[in-house]
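See structure below.
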Amino acid sequence: MAVQFKLEGYEQTKPRKIFRRSEKKERFYIEFKPLADFKSKSLLYLWVESKYISTYCRHLTIFCPYLIINETKEQLRYQEVGLTSTVLSEDIALLKHEKTMKQKMRAGKTFKFENPASDYADQIEEDTEFLNKIHMFSTSKKMNKIQISLKDTKHWSKPFSLESADGVVDIIESARDHKDKQRAKPNKRFIGKFSDTISNVAMILQKKPKRESTNKRKKYEFSVRTQTAPGLFHRSKLIIFTPRFAIKNECDQFILLAQYDNDIVDENIVKIKQNTWEFFHWPDYKKPPHVVMSLSDALTLKPYSWSGRFKIDQVDEFVVKLRKEKNKGRSNDNFYYARVVINLDGTTVYIRILPEDTKNPPYRIDNLTTYEISYRQKPTNDSNDKKFLDLSYSKIPPGGRVPFTWDDMVINKLLEIEVEGITMAYSLDTIKDHDPILLSQPSDMFNDKSGRMTLKKGFLGRKKQYDDEYENE
């Protein structure tokens with residue numbers, strides 16, 4: 001007795017005998033050839049497990065050796081290394097997504113402008129509706145290495161093994177793909193302005209939208225892990241793709257995040273609503289892997305002012321200082337403090353952004369002197385740093401107390417103190433008696449024979465009758 005199999009979109013398989021005298025469990029593959037009008041042109045190899053029940057009964061289990069789960073927000077393609085471009089394997093979920101988006105475009109539901117913040121979240125939900133699906137992938141009898149690619153790009157990742165796939169896979173956008181994307185961008189100033197007069201429309205059409213530099217090529221990073229499928233699917237191996245960087249905003253503010261660059265364009269900014277997750281990829285693979293943050297309101301989605309740089313590719317915990325409003329001074333009241341917690345699960349980096357308790361900051365500066373003290377993170381001599389970072393002095397009045405954190409987590413972490421024109425730099429992570437600041441001008445309250453006043457570690461260096469007045473609270 002022989003059996004044949006039929007799968008939607010594929011031809012019927014050749015007959016296969018299943019009744020043999022052996023009582024041992026057997027496995028064999030069956031080859032599915034795609035129909036001529038089916039979009040996918042790749043072969044599909046499924047396996048059949050035949051279990052002996054009785055002389056006249058066999059229990060057949062059909063399974064795919066590899067199941068791919070796409071948990072990213074990107075539309076991925078897969079191909080086995082060594083096969084030509086005519087036998088690509090496209091995710092059936094991707095095809096459904098394309099069909100749905102075309103229907104929505106025909107229905108005129110593609111662009112909405114009433115509420116940018118809610119529309120942005122709704123669009124993400126629509127885009128991911130069909131992507132988190134299990135996809136069967138088996139294009140030969142003994143698959144070993146595969147590659148992944150983004151939809152609408154011609155560049156593939158480096159090959160990686162299915163037997164030990166745990167790691168990071170990256171796709172760097174080719175120069176040609178980047179140019180094609182730039183040409184395909186619509187003029188956003190024109191979209192949604194159909195109520196303008198004819199003259200205004202003509203003026204808008206004459207102004208070309210600002211294009212990004214063609215030298216910037218995006219780098220997509222994905223974590224890939226393998227595991228045995230649970231329950232009934234235990235015969236298959238799961239290949240799970242997730243974004244390398246997942247970011248959650250747990251603050252009460254709308255947060256923007258971008259790769260550090262002298263010219264950050266809107267399309268490269270990740271916009272994160274309160275209590276939501278977003279994924280991050282590098283807009284320019286040649287730039288250093290540093291990011292910056294900013295607060296924003298939910299309507300304009302424009303940054304108030306970018307923070308200093310910090311890294312997100314290693315486990316860490318620190319506090320970032322963000323301006324509450326645009327073009328405000330260096331007063332401590334103008335800043336919002338956010339704690340960044342970076343954890344690693346496998347090869348996926350999870351980044352949580354939480355509000356910081358300003359009563360228990362990472363550092364606190366108390367001015368227990370009769371002088372106004374100026375302080376800042378010590379700047380570097382790099383001209384790019386000076387152009388991007390605002391490292392001007394902040395001031396503490398006598399008896400004042402302020403929370404402190406570093407403006408930039410990449411440059412040297414040195415606190416620069418200026419009192420009456422005398423400047424000293426200190427490392428706050430070194431607990432010791434630092435060198436004192438020597439003031440040449442005498443003080444009416446504290447004056448020794450040499451006419452000099454000594455300040456050390458933020459406290460008065462001489463212990464006399466006035467100590468109690470300036471003790472810590």
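Considering CZ of Phe5 and CD1 of Ile30, their distance stands at 4.5 Å, rounded to 0.5 Å. Here CG of Asp407 is found 8.5 Å from OG of Ser392. Values are rounded to the nearest 0.5 Å.
In this structure, the side-chain hydrogen bond (donor to acceptor under 3.5 Å, both in side chains) partners of Ser427, at least two apart in sequence or on a different chain, are Thr430. With sequence neighbours excluded, no residue satisfies side-chain hydrogen bond (donor to acceptor under 3.5 Å, both in side chains) with Ser161. The salt bridge (charged side-chain N to carboxylate O under 4.0 Å, His left out) test applied to Glu416 returns Arg376, not counting sequence neighbours. Applying the side-chain contact (heavy atoms from CB on, under 4.5 Å) rule to Pro288 yields the partners His290; only residues at least two apart in sequence or on another chain are considered. Applying the ring-ring contact (aromatic ring centres under 6.0 Å, His included) criterion to Phe279, with sequence neighbours excluded, gives no partner residue. Shown here are the side-chain contact (heavy atoms from CB on, under 4.5 Å) partners of Pro397, two or more places apart in sequence or in another chain: there are none. Applying the side-chain hydrogen bond (donor to acceptor under 3.5 Å, both in side chains) rule to Lys33 yields no partners; only residues at least two apart in sequence or on another chain are considered. Glu31 meets the salt bridge (charged side-chain N to carboxylate O under 4.0 Å, His left out) test with no other residue; sequence neighbours excluded. Annotation: side-chain hydrogen bond (donor to acceptor under 3.5 Å, both in side chains) contacts of Thr347 (sequence neighbours excluded): Ser223. Under the rule for a side-chain contact (heavy atoms from CB on, under 4.5 Å), the partners of Gln227 that lie at least two apart in sequence or sit in another chain are Arg225, Leu238, Ile240. Under the rule for a side-chain contact (heavy atoms from CB on, under 4.5 Å), the partners of Leu428 that lie at least two apart in sequence or sit in another chain are Tyr363, Phe404, Trp406, Leu415.
The closest side-chain donor-acceptor pair between Thr242 and Glu71, if any, does not fall under 3.5 angstrom. Looking only at atom types and distance, the side chain of Asp252 has a donor-acceptor partner in the side chain of Tyr336 under 3.5 Å away. For Thr226 and Lys237, the side-chain atoms include no donor-acceptor pair closer than 3.5 Å.
Gln377 places a side-chain N or O within 3.5 Å of a backbone atom of Asn412 that can act as its donor or acceptor partner. For Glu278 (side chain) and Ala246 (main-chain N/O), no donor-acceptor pair under 3.5 Å exists by modelled atom type. Not a single donor-acceptor pair under 3.5 Å links the side chain of Asp345 to the backbone N or O of Thr348.
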Return all side-chain donor-acceptor pairs below 3.5 angstrom for residues 350-357, not counting sequence neighbours, or 'none' if the list is empty.
from: Arg352; atom 1: NE; to: Glu250; atom 2: OE2; distance (Å): 2.6
from: Arg352; atom 1: NH2; to: Glu250; atom 2: OE1; distance (Å): 3.1
from: Arg352; atom 1: NH2; to: Glu250; atom 2: OE2; distance (Å): 3.3
from: Glu356; atom 1: OE1; to: Arg339; atom 2: NE; distance (Å): 2.7
from: Glu356; atom 1: OE1; to: Arg339; atom 2: NH2; distance (Å): 3.3
from: Glu356; atom 1: OE2; to: Arg339; atom 2: NH2; distance (Å): 3.1
from: Asp357; atom 1: OD1; to: Lys359; atom 2: N; distance (Å): 3.1
from: Asp357; atom 1: OD2; to: Asn360; atom 2: ND2; distance (Å): 2.8

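Other residues, nucleotides and ligands contribute over 12 non-hydrogen atoms within 6.0 Å of the NZ atom of Lys248. Within a 6.0 Å radius of CZ in Phe28, more than 12 heavy atoms belonging to other residues, nucleotides or ligands are found.
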